[in-house]
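Just below is one structure, and these are the notes that go with it.
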Amino acid sequence: MAKEYSVDRQVFDEVMVPCYAPMQMIPVKGQGARVWDQDGREYIDFAGGIAVSCLGHCHPVMVDALKAQAEKIWHLSNVMTNEPALRLAKLLTEHSFAEKVFFANSGAEANEAALKLARRYAADKYGPEKSEIISFKQGFHGRTFFTVTVGGQEAYSDGFGPKPGAVTHLAYNDLASLAEHMSERTCAIMMEPLQGEGGIVSPTPEFVQGVRELCNKHNALLIFDEVQTGNGRTGDFYAYQGLGVTPDILSTAKSLGGGFPIGAMLTTTELAAHLKVGTHGSTYGGNPLACAVAEAVVSEVTKPEVLAGVRQREQWFREALATINAKYPVFAEIRGKGLLLGAALNEEWQGRARDILVAAGEEGLMVLVAGANVVRFTPSLVIDKADIDEGMARLERAIAKIYS
Ligand SMILES: *Cc1c(COP(=O)(O)O)cnc(C)c1O
């Protein structure tokens, strides 16, 4: 038998690549919106594994789907298709504009497929000159070299040698600069329909509508990166459905698997035809276990009562945060939509989002930040009212402690 190591946080520093700085505690068990660490300490989870655990931890529909599939077949590769992948693709097309689906294992991979499809389509249809990808400052699209280059933070893409070319970054919500810049060379615009990592920034209605019109005018494709906003997070199944603007390509991941790794690129039949046999692929993409879990997740999240519940929970979050802010004024505004919310710090509290995250952790509450000035909340979409109340009580205690 293999030796079993007893492990603690120090082992991370010994044997893991130091590109992360994880918290001290190590969670070992989760149920719903609660998590327990190695010492048995309990936490309320307002982070949801960064907008992933959309049904909370170990939801029975996910556990059942995983167990059932685990006893049937785990892996085939794309030399064959499989039933869970086909059923999931059907579901995704039923609940979106899309007619065709490509499965990957992560958000970055779904975006990589989206960008490659856009480039291939433009090259096939208009020629090699039409290659420019426009994206937005503070945007985030993943960590593969193409997607991180398209992302709007150079700090993430610098230092790795020559970058993929023909990528332009413009200011989000600045329609005039986009209109001025776009040309017949523009192949696609990639954007988040609500910037997540960049600080929870919603697009103005004029901006998203304007982007769509400019794409139409210049024969450019519109790619919505819905990796964070998708799968019910904003109260619509996809955020585009609440904006009244339909993209040509959409990427989804994070909540899609509810905690099991999977990503997908959605598009139309016309565009999909340009990824002919052999042009793109993934060994694990469309894996039966991942697709079985995602099928259960999507079936649950698309229920009208679950989506309506997200909007109800948004109200509870906003009210509780306003109550805390009335006692301890630290927030300037609450931004975002559904359960993708950001509490932006006021003038006096600039730069202290991480202090609040650490203080919350000490009180038994997991939250996130989005930059130095925004405390971010991306909890389970089905979190109970009682867990929200308890979490907010812990957040209030945390803020009270550092408020002076
Ligand atoms: C998290 C995220 C990604 C990257 O997803 P991974 O699964 O980490 O590759 C891409 N785009 C957006 C908007 C995200 O929030």
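None of the values given here were measured: they were computed from a predicted structure. All ligand and atom numbering here is 1-based and tracks the order in the structure.
- In terms of polar-atom proximity, defined here as any N/O pair under 3.5 Å, Q228 does make such a contact with ligand 1.
- Listed by number with element, the atoms of ligand 1 under 4.0 angstrom from any heavy atom of A108 are 4 (C), 5 (O), 6 (P), 9 (O).
- Contacts of A253 with ligand 1, taken as heavy-atom pairs under 4.0 Å, are absent altogether.
- Of the charged side-chain nitrogens involved, none lies within less than 4.0 Å of a carboxylate oxygen, so that K116 and E112 do not count as a salt-bridged pair.
- Counting the atoms of ligand 1 from 1 in the order shown, those under 4.0 Å from a heavy atom of D225 are 10 (C), 11 (N), 12 (C), 13 (C).
- At a heavy-atom cutoff of 4.0 Å, ligand 1 is contacted by no atom of I50, backbone or side chain.
- Taking the six-membered ring for Trp, H280 and F102 have ring centres closer than 6.0 Å.
- Less than 4.0 angstrom separates some heavy atom of N111 from each of these atoms of ligand 1: 10 (C), 11 (N).
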Let's go through E132 and I134 carefully: what are the C-alpha distance in whole Å and the side-chain angles of both, what is the deciding distance for side chain to side chain contact (heavy atoms under 4.5 Å, CB included) to 0.1 Å, and is it a yes or a no?
CA-CA 6 Å; E132 182 192 37; I134 297 177; 3.7 Å; yes
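- Checking each of T149, V150, V148, I223 against H141 for a side-chain contact (heavy atoms from CB on, under 4.5 Å) leaves exactly one that passes, namely V150.
- Counting the atoms of ligand 1 from 1 in the order shown, those under 4.0 Å from a heavy atom of E192 are 13 (C).
- Counting heavy atoms under 4.0 Å from ligand 1, residue H141 touches it through the backbone alone.
- When S106, G142, G151, G139 are checked for heavy-atom proximity to atom 4 (C) of ligand 1, G142 turns out nearest.
- Taking distance alone, with nitrogen or oxygen atoms compared against 3.5 Å, V227 stays at or beyond that limit from ligand 1.
- Side-chain contact check for E197 and Q228: at least one donor-acceptor pair (N or O, by modelled atom type) lies under 3.5 Å.
- E192 places no side-chain N or O within donor-acceptor distance of the main-chain N or O of E226, the cut-off being under 3.5 Å.
- Looking at A104, P261, G107 and measuring to atom 7 (O) of ligand 1, the nearest heavy atom belongs to G107.
- Contact annotation: for E226 versus ligand 1, there are no heavy atoms closer than 4.0 Å.
- The aromatic rings of Y403 and W349 lie parallel to each other, with less than 30° between the two planes, well short of the 60° mark.
- Every N/O-N/O distance between E109 and ligand 1 stays at or above 3.5 Å.
- In this structure the side chain of I249 never reaches within 4.5 angstrom of the side chain of F224, judged on heavy atoms.
- Near K254, with a cut-off below 4.0 Å to any heavy atom, the atoms of ligand 1 are 1 (C), 2 (C), 3 (C), 14 (C), 15 (O).
- Remark: side-chain polar atoms of N173 are paired, donor with acceptor, to backbone N or O of S202 under 3.5 angstrom.
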